[in-house]
Amino acid sequence: MIDSAGSFAERCKDAAEQFLQTVVVIDNEAGFDGGFESANPKVAQRARIGLAPADIGGSVASVEPPTDKQGRFSTTSATGPVDRQAVTSKPPQEAVFSNGPSGAPTVAPIDPPDVPVSHRLDAKALTDAFGDRSVLCTVYKPEPGERMVERAAKIASHADIVVVDWYLEPGSSVMAKEIISDILQKDAERNGRPRLIAVYTAQSDMARLAGELRDYLETRELRFDNPGDGILSAPGVRIVFLQKAGGGMLASPGSLNEAELPTRLIGEFAELSAGILSMVALRSIAALREGSHHILSTFHPGLDAAFVLHRCLLPHPEDAESFAVGLIAAELGALLGANDIGRHADLEVMKKWVAAHLPRPEGFPFGTEVVSTENVRAWLELGSEADVGLSKKAVKKIQSHLGEALYGNAEAARNGCLELARISCLKREAHSRRSAAPGRPPMLSLGTIVRPLQNGRGEYPRGLGPDTFLLCIQPACDSVRIRGERPYPFQRLKRADDCFNVVVRLRDQTNATLQVSGFPHLTEMVTFRSVSAQEDFVLPREADGRFVFTDVEGNQFEWLADLNDFTAQWAMAQIGARVNTPGLDRFEWLRLKGKATD
């Protein structure tokens with residue numbers, strides 16, 4: 001939890017509110033008339049379900065449904081209403097019988113009535129409340145027999161927040177569970193996204209309902225923030241159970257009416273994205289959304305003839321495609337610069353972060369020592385050379401453990417730093433959320449990092465080994481317009497634990513730390529063939545869940561990542577510097593004086 005009393009939390013909430021634009025609400029009893037049933041109010045009921053946990057979107061444990069004497073049982077279609085033929089032993093309980101996320105049958109017995117609270121949703125009050133916060137709220141009211149799971153998932157894919165009622169069919173939470181499961185599964189297929197789901201229900205005992213959902217989803221990743229609070233969290237996912245205030249009926253302490261819901265959900269989204277870089281990302285996306293129409297007006301149809309002329313005059317017409325992308329990218333970058341997005345990661349924000357995350361009043365502990373708050377603030381403001389009243393040796397020791405102190409343990413510090421290192425030097429990866437877009441395999445070019453694979457005899461090509469990584473140093477202009485075969489130069493990268501400047505993630509989800517040394521003798525030449533006369537460049541094929549390049553000799557190389565453009569140019573500069581280093585016979589005393597340090 002972030003420190004709700006501190007201004008860092010308020011900054012996160014402000015960023016979330018600026019970012020949020022769309023909310024979808026799924027409730028079969030939504031109405032715009034503002035009226036509620038008072039003569040015979042519906043009753044909140046308790047439901048429970050017990051299934052074996054696994055991963056989100058995984059298969060459901062097999063559950064044998066109850067049968068009658070003829071062996072018949074009642075099922076609920078994923079697209080239709082609940083069939084309530086007699087499947088239970090005695091009233092007032094009924095067994096709602098349906099399919100789980102993997103198609104296996106599940107049973108949800110209904111307990112006796114609980115607290116009388118209306119199930120109705122005042123859609124006008126809710127949409128007005130979100131509208132007052134400049135958030136567009138869409139209300140989907142499913143009807144019996146609709147393909148509500150499929151439709152809800154489509155709507156949710158474009159929503160920042162999803163709100164769903166627990167009972168979308170009389171006395172049954174099956175549809176709500178299937179919708180939530182489908183949303184999470186589709187998010188995973190798209191390499192994940194921050195996802196806030198609120199279950200807004202008339203039921204009581206939010207923690208019990210949250211546990212029921214967690215069991216249904218069969219995942220150990222979803223955990224309670226605090227026992228009894230009805231909030232489930234996992235990396236990038238937050239599911240919050242909230243009780244309806246009841247529209248004039250009896251309401252429990254902590255329940256929310258429609259007008260109060262937006263404020264709570266904005267706060268929950270801030271919890272989901274509470275971080276300095278998250279805040280910068282939210283502000284950046286909000287600025288791009290705000291400026292999107294300006295960008296569209298900049299690139300108006302009146303420029304089409306000039307762009308067509310540009311392509312006609314090029315010796316290689318296909319270069320016009322990357323030219324167009326470059327124009328848009330430059331405009332987007334200028335838009336972010338004009339909005340001064342960097343101020344959301346300035347010194348004051350850093351100080352607020354430190355204040356909100358202090359484990360002790362005196363500072364951040366590591367081992368038996370503590371990095372004082374004053375020292376951290378001094379380094380944030382004045383840099384690593386700031387005078388903090390300690391010897392250089394003591395400062396060096398403390399700074400070497402500073403990551404461990406800020407994270408709380410050494411392993412978390414290393415993992416966090418390696419992840420940021422990958423983000424900073426790679427533009428896409430094979431084995432992370434930043435993977436290649438579906439249907440768009442990576443092209444072999446400057447900055448491509450590959451790893452040799454064993455052949456059928458268990459041998460690696462060219463005498464290379466499993467710890468050999470290759471960096472393509474073919475200039476981008478020489479990686480296209482290939483007619484037939486072309487040799488590609490690669491720089492062998494040294495795998496090292498302590499001295500490295502590039503990080504890639506492997507298929508087993510471990511990190512490989514690599515060093516670009518720039519020595520020309522580490523160059524390997526490998527010849528590849530272009531895809532075709534029309535696609536005159538080198539592409540991999542997808543095999544066994546990975547992209548594989550194959551050279552003209554049949555040797556295979558697994559694609560791991562592409563360096564971003566600046567890092568790739570830096571790597572080339574290291575090689576160029578080595579090549580251009582003059583070999584001089586110098587007076588050794590003078591050479592050593594040039595390397596002297598204090």
Side-chain angles (χ1 to χ4, degrees), residues 2 12-13 15-26 55-58 101 130 135-138 140 149-164 176-199 213-214 217-223 225 231-240 262 265-290 292 332 336 341 344 416 419-420 422-423 426-440 505 509:
I2 58 178
C12 292
K13 189 173 181 179
E17 187 164 7
Q18 184 188 15
F19 168 83
L20 291 172
Q21 284 193 336
T22 56
V23 174
V24 60
V25 179
I26 306 166
D55 295 327
I56 289 180
F130 274 114
V135 177
L136 178 64
C137 178
T138 298
Y140 167 43
V149 175
E150 179 181 345
R151 181 170 295 169
K154 287 181 179 179
I155 300 172
S157 66
H158 298 285
D160 298 324
I161 299 176
V162 177
V163 181
V164 60
K177 294 171 185 171
E178 291 187 5
I179 288 171
I180 294 172
S181 175
D182 198 54
I183 290 172
L184 296 178
Q185 183 174 351
K186 285 183 168 54
D187 286 348
E189 292 170 355
R190 299 185 182 102
N191 293 324
R193 55 166 289 175
R195 173 63 75 184
L196 173 63
I197 299 175
V199 178
L213 176 64
R214 184 180 63 172
L217 295 173
E218 305 172 283
T219 177
R220 298 185 186 277
E221 296 175 10
L222 282 171
R223 299 180 181 277
D225 269 17
I231 299 176
L232 298 172
S233 295
V237 177
R238 190 171 180 84
I239 303 176
V240 185
L265 293 184
I266 290 171
E268 293 295 343
F269 194 89
E271 290 283 355
L272 179 63
S273 55
I276 300 172
L277 292 179
S278 299
M279 194 189 319
V280 173
L282 290 176
R283 296 283 189 180
S284 299
I285 296 170
L288 294 177
R289 285 174 168 176
E290 185 70 23
S292 59
L332 294 175
L336 294 180
I341 299 299
H344 299 293
E419 182 176 4
L420 185 56
R422 295 196 339 261
I423 293 173
L426 307 176
K427 58 184 176 184
R428 60 178 182 174
E429 308 174 70
H431 305 300
S432 80
R433 290 183 175 183
R434 303 167 66 235
S435 60
R440 296 296 301 271
R505 173 163 284 188
Q509 297 302 297

Rounded to the nearest 0.5 Å, what's the gap from [atom1] on [X] to [atom2] on [Y]? Could you check?
| X | Y | atom1 | atom2 | answer |
| --- | --- | --- | --- | --- |
| L136 | L20 | CG | CG | 12.0 Å |
| C12 | L282 | SG | CG | 8.5 Å |
| E268 | K13 | CD | NZ | 10.0 Å |
| R238 | E271 | CZ | CD | 5.0 Å |
| S292 | L332 | OG | CG | 10.0 Å |
| H344 | R283 | NE2 | CZ | 4.5 Å |

Shortest non-hydrogen contact from [X] toward [Y]:
| X | Y | value |
| --- | --- | --- |
| I180 | V199 | CD1-CG2, 3.9 Å |
| L336 | S284 | CD2-O, 3.6 Å |
| A234 | E221 | CB-O, 3.6 Å |
| L213 | I239 | CD2-CG2, 3.9 Å |
| A153 | I183 | CA-CG1, 4.4 Å |

Given side chains that start at C-beta, do those of I155 and I26 come closer than 4.5 Å, heavy atoms only?
-> no
Would you mind reporting whether I197 and L184 have side-chain heavy atoms less than 4.5 Å apart?
-> yes
Criterion side-chain contact (heavy atoms from CB on, under 4.5 Å) on R195 and V162, from CA distance to verdict = CA-CA 8 Å; R195 173 63 75 184; V162 177; 3.4 Å; yes
H158 vs T22, side-chain contact (heavy atoms from CB on, under 4.5 Å): CA-CA, chis, key distance, verdict = CA-CA 8 Å; H158 298 285; T22 56; over 6 Å; no
Does [Y] offer a backbone N or O that forms a donor-acceptor pair with the side chain of [X] under 3.5 Å?
| X | Y | value |
| --- | --- | --- |
| R289 | F19 | yes |
| S278 | A274 | no |
| D160 | Q21 | yes |

Check the pair S157 / K186 against side-chain contact (heavy atoms from CB on, under 4.5 Å), numbers first and verdict last.
-> CA-CA 8 Å; S157 66; K186 285 183 168 54; over 6 Å; no
Do the charged groups of E150 and K154 touch, with an N to O distance under 4.0 Å?
-> yes
